[in-house]
Amino acid sequence: MLINHPTLGPRDASEFVYKGDAALIRRPAPDAPDALEQFIDYGYLRDNPAGAHRELWFHEQGDRSWLVVTRDTLTHEITDVELARDVARREGRSK
Amino acid sequence: MTQENRLQGGLIDRSRTISFRFDDKWMKGHPGDTLASALLANGVRLMGRSFKYHRPRGPLSAGSEEPNAIVELRDGARREPNTRATTAELFDGLTAQSQNRWPSLTFDALSINDRLSSFFAAGFYYKTFMWPAAFWEKLYEPMIRRAAGLGSLSLQADPDSYDKGYLHCDLLIIGAGPAGLAAALTAAESGLNVILADEDSRPGGRLNAETFAMGQHSGSDWAAETAERLSAMPNVRVMTRTTVLGAFDHGIYGALERVSDHLPVPPEGKPRQILWRIYSTRAILAAGATERPIVFENNDRPGIMMAGALRAYANRWAATPAQEIAVFTNNDDGHRTAQDLLAKGVTVTAVIDTRPDAPKGNGYEVIAGGTITNTSGRLGLSKIEVTDARGTRRSLNCGALGVTGGWNPNVSLTCHQRGRPTWNADIHAFVPGGTLPQGMTVVGAADGLFSTHAALTSGADVAASIVADLGRTVTRPDLPQAEDTPVALTPFWHVQGAKRAWVDQQNDVTAKDIKLAHQENFTSVEHLKRYTTLGMATDQGKTSNTAGMAIMAEVAGKSIPEVGTTMFRPPYTPTAIGAFAGRSRGADFRPTRKTPSHFWAEEQGAVFVEVGMWLRAQWFPRAGETHWRQSVDREVLQTRRSVGICDVTTLGKIDVQGADAAAFLNMIYCNAFAKLPVGRTRYGLMLREDGIAMDDGTAARLAEDHFVVTTTTANAVTVYRHMEFVRQCLCPDMDVQLISTTEAWAQFSVAGPNARKLLQKVVDPEVDLSNDGFPFMACGEITVCGSLRARLFRISFSGELAYEIAVPTRYGDAMIRRLMEAGREFDVVPYGTEALGVMRIEKGHAAGNELNGTTTALNLGMGKMVSDKKDSIGAVLSRREGLNTPDALRLVGLRPVDRANPVPAGAHLMTRGSPVDAAHDQGYVTSACYSPNLGHAIALAFLKSGDTRMGEVLRLVSPLTGVEHDVEVVSAHFVDPEGERLRA
Amino acid sequence: MRYSGFKVIKEALTGHRGWGPAWRDAAPKASYDYVIIGGGGHGLATAYYLAKEFKQARIAVLEKGWIGGGNVGRNTTIIRSNYLLDGNEPFYEFSLKLWEGLEQDLNYNAMVSQRGILNLIHTDAQRDAFIRRGNAMMLNGADADLLTTAQIVARYPFLNVNDARFPIKGGLAQHRGGTVRHDAVAWGYARAADQRGVDIIQNCEVTGFRIENGTCLGVETSRGFIGANKVGACVAGSSSRLMSHAGMRLPIESHVLQAFVSEGLKPVLPGVITFGAGHFYCSQSDKGGLVFGGDIDGYNSYAQRGNLPVVEDVCEGGMAIFPMLGRARLLRMWGGIMDMSMDGSPIIDRTHIAGLYFNGGWCYGGFKATPASGFAYAHLLATDTPHPTATAYRFDRFALGRMIDEKGMGNQPNLH
Amino acid sequence: MPDLIAITPLGATRPRIDSHGPVTLTEVTDRALASVAARLGHEAQTAALVTSLIGAPAPGPARMGGTDLTAFWMGPDQWMLDAPIETHEDLAHQILAQAKGATSVTDQTGAWCRFDLSGDGLADVLERLTNANTRAFTGGEAQRTAVEHMGCFLLCHSPRHISVIGPRSSAGSLHHALLTAIRSAH
């Protein structure tokens, strides 16, 4: 596979390390009253869709950026790639 | 032997004659021959035996689709089993052995299977060999295994080397026949970066096998000139002997280049083959088509071949399997074959054409509406029985028979991403369909366009449109005039009433087997394949699948497209496993990481051990020491008595800087770091988000905004990755920067009562090492050996007064020598990972064996470290009830009740008197060693509610290693429990 | 019709006219007591044991394609019970015992072949871990044997011990481990279940569940609604897709695992060898093909195919220990969809919906588990209590922190 | 100067040089390295610092720049500075003095080994080692990728001069891989 790195262009997926669903960016607040339930869901339950999947890849043999890649799990077609840091900021993880 | 069946002309180099051996016979051939063409020229038709019935077999084809003529090529360590004689290029001194026969090819004892064939019908083995049960492994299976298999491996290491490589192009063209060449010319002259790959040694595809004219030239001349022209262009890479074996995601193709297979041995330093990963923007599949047979009684005798193969042998290799040849056809190719053979002076006995309206023969007899209903000849064809349209039977003498049932486009690569071919009723064949691999277009015969003219124009047109798509201007080359004969074919799959008619010749699948599969409800095409093994042989069914589908369709009363096809899988042709491995084998399987003191340690005769990719000194044997324990005990005792030195460079080091560095560490460690003063170091425990211990180490605060974090050797990479995840994905706006500095610093642990005295001699005078000036857990940047910048940490894994000193890596070698020299007056010893392990067990420090990915802070006796005052990774999930039960495992120490006994790691613990089984398991030993300080074995273990069981005597059991005795639960701190030594 | 050597001979002499279908192609009825979704090994085994061991009737197996077309037909055929943890080992040992009697039980020769499995050891720490594992196996009544390098080389003289990057320092063997002809397992269970009246319905895809006030009444399929008292999902890699129709999210990711087979070769490998440090394992089939594999590709996928990096990684591992493999040819590569769970261990449990049961999360260990999985699932379906060897395979183990994590990799499926 | 003698990554006192066919492989040990990373909100200052240090614009993604003191891009707002060791033995601290709290600086001199390929047909060698499209290199590229399982930087000074910078501890493996590929390709 080729991942179209937002700053470096297409790079072989073998340079990257896969983590999983990009929902892992949405870490629950530890002080919420139902924090434990939220963390169990966050830690263990996955949509695992057959189709478009937003997922985290780390460019270990490259610029060490974490990326959010939108990839079809049926065809492996990649339709979007973003820097995970930008996504995290957009999802309100700025302190 | 003379080349009795060598014809005139051909594309072989008659100026040179070369020798080769098949079984025990030496024969002659010419450069340009394949093993098969040379054998045929020498009058040899019998080249192999089939898999199940050991039927005598000769070549069916002239290419990589060959099911029958497979041999063991070369001898000794270079022996290659199952090599197709039809693609093996002849070289001087080539040797080949026939395979899957005993004692000899002409007399094969196991051909008895053929007589018993009715007992060996499809799937018979699922129905028997079940009684008595014990006999399966003792008798039946060994028997079957001995009979099974084809060629044999040499059992020696492959002496040749393999390369891997990576190529990039705008356009990959697969196949250098007329379509591929036309496409390449168009794309190349339009300025695209082109790779043209063909599995053959000679570009041209069928042009080399036919007598077609290309304008004024012969087809083969035009192909050769065109390929030369292309090779001369800087933007083109023509790769012959290169098979594109798979279409992978996003325009990536795998290709195998056979660099040296046509040579006796590869040149010095050169690979046998190269596996290329080709990154292409677009690809054109011009892989041509494969001829398919008609199935009839005893259609597998040596001499019975595809008609197109007969033309290829005659026209390209000037070879023929016999001087009298008949042809069996359902289309006009049969007649083209007859004409080509006649032109070469071969007698054509007859053309049996299944079509009642067959064309008239031109110098040969045509039996219109006829079929072949039997053949004879034990080791090679001698007669065929023909039944004509009126049902009259007659027998014809011939040494060979050309068979053609039409052509199947080579769609394999179009299906590697699960595209499914569709049925084309005009040419009665499957053509590319469904979703093709991204960027792929199909041209020429591979797309069902069978005339040379159509191949040229489709190749050129598709290339032109790709050029335009990629935003270049199209330059169209001049293409020659070429034949444009339409396909004239009436489907005819198999002759009715046959008793033994072969569909898959290598696996011995007959028409009857297919009918039996249907009778037993294995009607799905995948069931058919798996039950009968149709198409699962080394030829992957290239010549057999369609006929199989057709017969199944007939018995199931379906159409062929309704039956469908099985999935095509890479590789396109079987590929040497060595090529996929490339240079990553033996000692080069993975890189080796060496510590800064490695070369010095080698001088000391150190014994090394693998730790991840690192080689670390395990111990340093001295003269007279005969057992490793002697060396390790000495290193431990001397370190605790005076001073020892250990290279600890392999521990991961991560530089953490930024205004939020402390807040960041608070996040990744379960314990608090915010208030750690500058110039101090603290032990830290990292949890995974699931609350399980991930790694431990220290963080040294060199400045308000600068920490150095250490990780275990094994986890350096994963911890760094994890920290980047937290930084970029969870805390994107923390001001923190990370970078690994593991290799930037050579770090040595100097441990023992005399550590300070020793170091004092190395650090620059102004450095104050006194207990007040540099207390336990202090850290700082200092200078050594005359202004060399260094880092000093007063941390201790051994439990002794200890420092870790770090200098720039290039000085690591000099530093260890300097430290050893300075320590001579204290009898300093270097110690390795074994002694390190002994000392940490004596101190009860957890390490990899304890942080095994399933243990929590609580298990490790650090439950209180998990702060609930702050957020940190893993804190919340570490509070789950199952991880905090009263009987949770706790880290304890063990010592044998009888001090003479060992305490092996991996042993389990039982309550005394309880049954010894899993249900009563109390825990297990994680780390164990002999403590030279205590004079007996000690161990660390995880024990249920271990914290409340001090002093209890347990049963230690290791049935695997035959150990069982009593051990006593003690504190894990075996030596200096108060920690006075390390604060001294 | 019983299969036997005599029957084979009789049919051979009478033109094989007497062989009937191995199983009927049944048409769906309006309702059943039990509907098993998934005609793979586990689903067919479940139906078989429901009928045979638990004397249940009115059972249907629904298969969206052709039976045995999933992982039971695309795995590397290994059976073993060399597990470490108490939640797993008794279950897999139960499975191995069922394998040992399977062929007589099914009257079908699945070529269960206990030629042994060997895990190579390369470091002292690894040896400690394997000794702990071997002891756990023996304490659970399984067999285990710690071999020295010399013993291993005696059995496998062609192993690379001269210039190995990771020298072989011994191995943990389970002599009762081995291989089974994978397709035959599906066909054998199908035939035996069919003979006990189970309806096997191919080309019948489940498109939804009919759920009313918390109870599952049956399934919507491509061939219409089929009512059921109890519905058992058993679809491995498709688990998340299927259960999403019931509004469930699972602790599972679907990943592609590639497997490989070489051309047919005369026998060289007696048993199964696992080279952990090189991500490679290999056995040789009765037909002579070397069957081998390694790690999963490592990204979520429902495409039954992988990519080159893993192919190369696996072959590198192979060449590292078997340098003779260089000139053997890889014949075919393929991929299967693995239902990778969050702790690497399976789930056999009720769901929060009455009448709806789940079996999945087998990662790439599903094949060896086939008999026990079917048996334990049948036990759960028939009695509503977990089988004694499968009590730990619960949904709520993640919420409770009772993970069964053999490899200690945590909640990241692609690391298991 | 310290009274210690540094050794080369390959373990000698003098750099190793190998020649085969048109290609020369040289172990380079006379460079000092330091990485700089922008503090949050100080990206511009850090780029400016790099610019002033190398006397050329701070190189963009996968690029290098400068002449004597050079820099190459490592990641977002992160560069590696590369200078002659005899004048910049202590490069990191020299930069730190100018960083003014806007930039994190880390000494990297010891962390890497460097092998320079010079001559003709370098792409023929490198295409057997990495997936980088080195045939398209014209000069100024700085690509981080894997070479035979080792994480490396490829710096293209010109198509006839390319540096491979890899982990120092693996210098032996990297040198062996490069040499084998040179012999295989030429």
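Here is the naming used below: chain letters follow the sequence lines, and residue numbers restart at 1 for every chain. Scope of the values below: all heavy atoms of this structure, side chains included, with no hydrogens, waters or symmetry mates.
- Residue B:Ser154 holds its OG atom at 8.0 Å from CZ of C:Arg327, rounded to the nearest 0.5 Å.
- With a threshold of 4.5 angstrom between heavy atoms, B:Asn849 approaches chain C through side-chain atoms but not through N, CA, C or O.
- Of the possible donor and acceptor atoms, one in the side chain of C:Arg165 sits under 3.5 Å from a partner among the backbone N and O of B:Arg590.
- B:Lys127 contributes no side-chain N or O that, together with a main-chain N or O of C:Tyr108, makes up a donor-acceptor pair within less than 3.5 Å.
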For the pair B:Thr961 and C:Ile131, evaluate side chain to side chain contact (heavy atoms under 4.5 Å, CB included) and give the outcome as yes or no after the intermediate values.
-> CA-CA 8 Å; B:Thr961 52; C:Ile131 291 175; 4.3 Å; yes
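- B:Arg145 places a side-chain N or O within donor-acceptor distance of the main-chain N or O of C:Gln284, the cut-off being under 3.5 Å.
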Could you please spell out the steps behind the side chain to side chain contact (heavy atoms under 4.5 Å, CB included) verdict for B:Phe580 and C:Met333?
-> CA-CA 12 Å; B:Phe580 286 104; C:Met333 55 179 85; 4.1 Å; yes
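- Of the listed residues C:Lys287, C:Met403, C:Arg2, C:Met319, the one with more heavy-atom pairs under 4.5 angstrom with chain B than any other is C:Lys287.
- Under the 4.5 Å side-chain criterion, counting only non-hydrogen atoms from C-beta, C:Ile9 is in contact with B:Phe119.
- Counting heavy-atom pairs closer than 4.5 Å to chain B, the top-ranked of the candidates C:Gly73, C:Ala125, C:Gly141 is C:Gly73.
- For B:Leu155, the parts lying near chain C are the backbone and the side chain together; criterion is any non-hydrogen pair under 4.5 Å.
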Mind running side chain to side chain contact (heavy atoms under 4.5 Å, CB included) on C:Asp124 and B:Glu834 for me, showing each step along the way?
-> CA-CA 10 Å; C:Asp124 296 349; B:Glu834 285 299 320; 3.7 Å; yes
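- C:Asn160 approaches B:Gly586 most closely through the heavy-atom pair ND2-CA, 3.8 Å.
- In this structure, no portion of B:Leu877 lies under 4.5 Å from any heavy atom of chain C.
- No donor-acceptor pair closer than 3.5 Å links the side chain of B:Glu610 to the backbone N or O of C:Phe166.
- Of the inter-residue distances, the one linking C:Leu85 atom CG with B:Thr854 atom OG1 reads 7.5 Å to the nearest 0.5 angstrom.
- Heavy-atom pairs under 4.5 Å with chain B were tallied for C:Gly134, C:Gly288, C:Ala320, C:Ser113; the largest tally goes to C:Ser113.
- Note on ring orientation: taking the six-membered ring where Trp is involved, the planes of B:Phe589 and C:Phe275 are tilted (angle from 30° to 60°).
- Counting heavy-atom pairs closer than 4.5 Å to chain C, the top-ranked of the candidates B:Glu881, B:Arg879, B:Glu526 is B:Glu526.
- Checking side-chain atoms of B:Asn82 against main-chain N and O of C:Gly264 turns up a donor-acceptor pair under 3.5 Å.
- Between B:Tyr126 atom OH and C:Arg191 atom CZ the span is 13.5 Å, to the nearest 0.5 Å.
- Heavy-atom distances place both the backbone and the side chain of B:Met613 under 4.5 Å from chain C.
- With a 4.5 angstrom heavy-atom cutoff, B:Pro142 does not touch chain C via any of its atoms.
- Top candidate by heavy-atom pairs under 4.5 Å with chain B, chosen from C:Asn140, C:Leu308, C:Asn411, is C:Leu308.
- Donor-acceptor pairing under 3.5 Å is lacking for the side chains of B:Thr926 and C:Arg132.
- The shortest non-hydrogen separation linking C:Trp23 to B:Asn521 is O-ND2, 2.8 Å.
- For B:Phe522, the part sitting under 4.5 Å from any heavy atom of chain C is the side chain, from C-beta outward, and nothing else.
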When you look at B:Trp136 and C:Met111, which way does the side chain to side chain contact (heavy atoms under 4.5 Å, CB included) test go after all the steps?
-> CA-CA 8 Å; B:Trp136 171 249; C:Met111 302 178 199; 3.5 Å; yes
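- Contact of B:Met910 with chain C is made through the side chain alone, with heavy-atom distances under 4.5 Å.
- Panel note: side chain C:Trp19, backbone B:Gln519; no donor-acceptor pair is recorded below 3.5 Å.
- For chain C, the nearby part of B:Lys164 is the side chain; its heavy atoms alone come within less than 4.5 Å.
- Top candidate by heavy-atom pairs under 4.5 Å with chain C, chosen from B:Val611, B:Thr592, B:Val609, is B:Thr592.
- Taken from CH2 in C:Trp187 to CD in B:Glu520, the straight-line distance is 10.5 Å, to the nearest 0.5 Å.
- When each of B:Ile692, B:Leu116, B:Leu245, B:Asn100 is checked for heavy-atom pairs under 4.5 Å with chain C, B:Asn100 comes out on top.
- Among B:Gly254, B:Ser524, B:Pro571, the residue with the largest count of heavy-atom pairs under 4.5 Å with chain C is B:Pro571.
- A donor-acceptor contact shorter than 3.5 Å is absent between the side chain of B:Arg880 and the backbone of C:Arg402.
- In this structure, chain C has a heavy atom under 4.5 Å from the backbone of B:Arg146, while its side chain stays farther away.
- Proximity to chain C is limited to the backbone of B:Gln156, based on heavy atoms less than 4.5 angstrom apart.
- Here the straight-line distance linking atom CG of B:Asp690 with atom CZ of C:Phe398 works out to 11.0 Å at 0.5 Å rounding.
- With contacts defined as side-chain heavy-atom distances shorter than 4.5 Å, the pair B:Asp158/C:Leu325 does not qualify.
- Within the 3.5 Å criterion, the main-chain N or O of B:Gly906 finds a donor-acceptor partner in the side chain of C:Asn135.
- Residues B:Glu141 and C:Arg115 are paired through a salt bridge, judged by an N-O separation under 4.0 Å between the basic side chain and the carboxylate.
- Of the atoms belonging to B:Gln506, not a single heavy atom falls under 4.5 Å from chain C.
- Of all the listed residues (C:Asp25, C:Leu290, C:Asp313), the one sharing the greatest number of non-hydrogen pairs under 4.5 Å with chain B is C:Asp25.
- Comparing B:Gly246, B:Gly882, B:Pro574, B:Gly151 by how many heavy-atom pairs each has under 4.5 Å with chain C, the most go to B:Pro574.
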Could you go through the side chain to side chain donor-acceptor pair (under 3.5 Å) check for C:Arg332 and B:Gln540 one step at a time?
-> CA-CA 9 Å; C:Arg332 207 179 315 112; B:Gln540 293 155 311; over 6 Å; no
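- Proximity to chain C (any heavy atom under 4.5 Å) is restricted, for B:Ala537, to the backbone atoms N, CA, C and O.
- Side-chain atoms of C:Asn109 do not come within 3.5 Å of backbone N or O of B:Met130 as any donor-acceptor pair.
- Contacts between B:Tyr924 and chain C at a heavy-atom distance below 4.5 Å involve the side chain alone, from C-beta outward.
- Distance check: B:Arg277 CZ to C:Asn307 CG gives 9.0 Å after rounding to the nearest 0.5 Å.
- Among C:Glu11, C:Met409, C:Gln304, the residue making the largest number of heavy-atom pairs under 4.5 Å with chain B is C:Gln304.
- Between the C:His16 side chain and the B:Asp513 main chain, no donor and acceptor come within less than 3.5 Å of each other.
- For a residue to count as touching a neighbouring chain, one of its non-hydrogen atoms must lie under 4.5 Å from one of that chain's; by this rule B:Ala147 touches chain C with the backbone only.
- B:Leu960 places none of its side-chain heavy atoms less than 4.5 Å from the side chain of C:Arg133.
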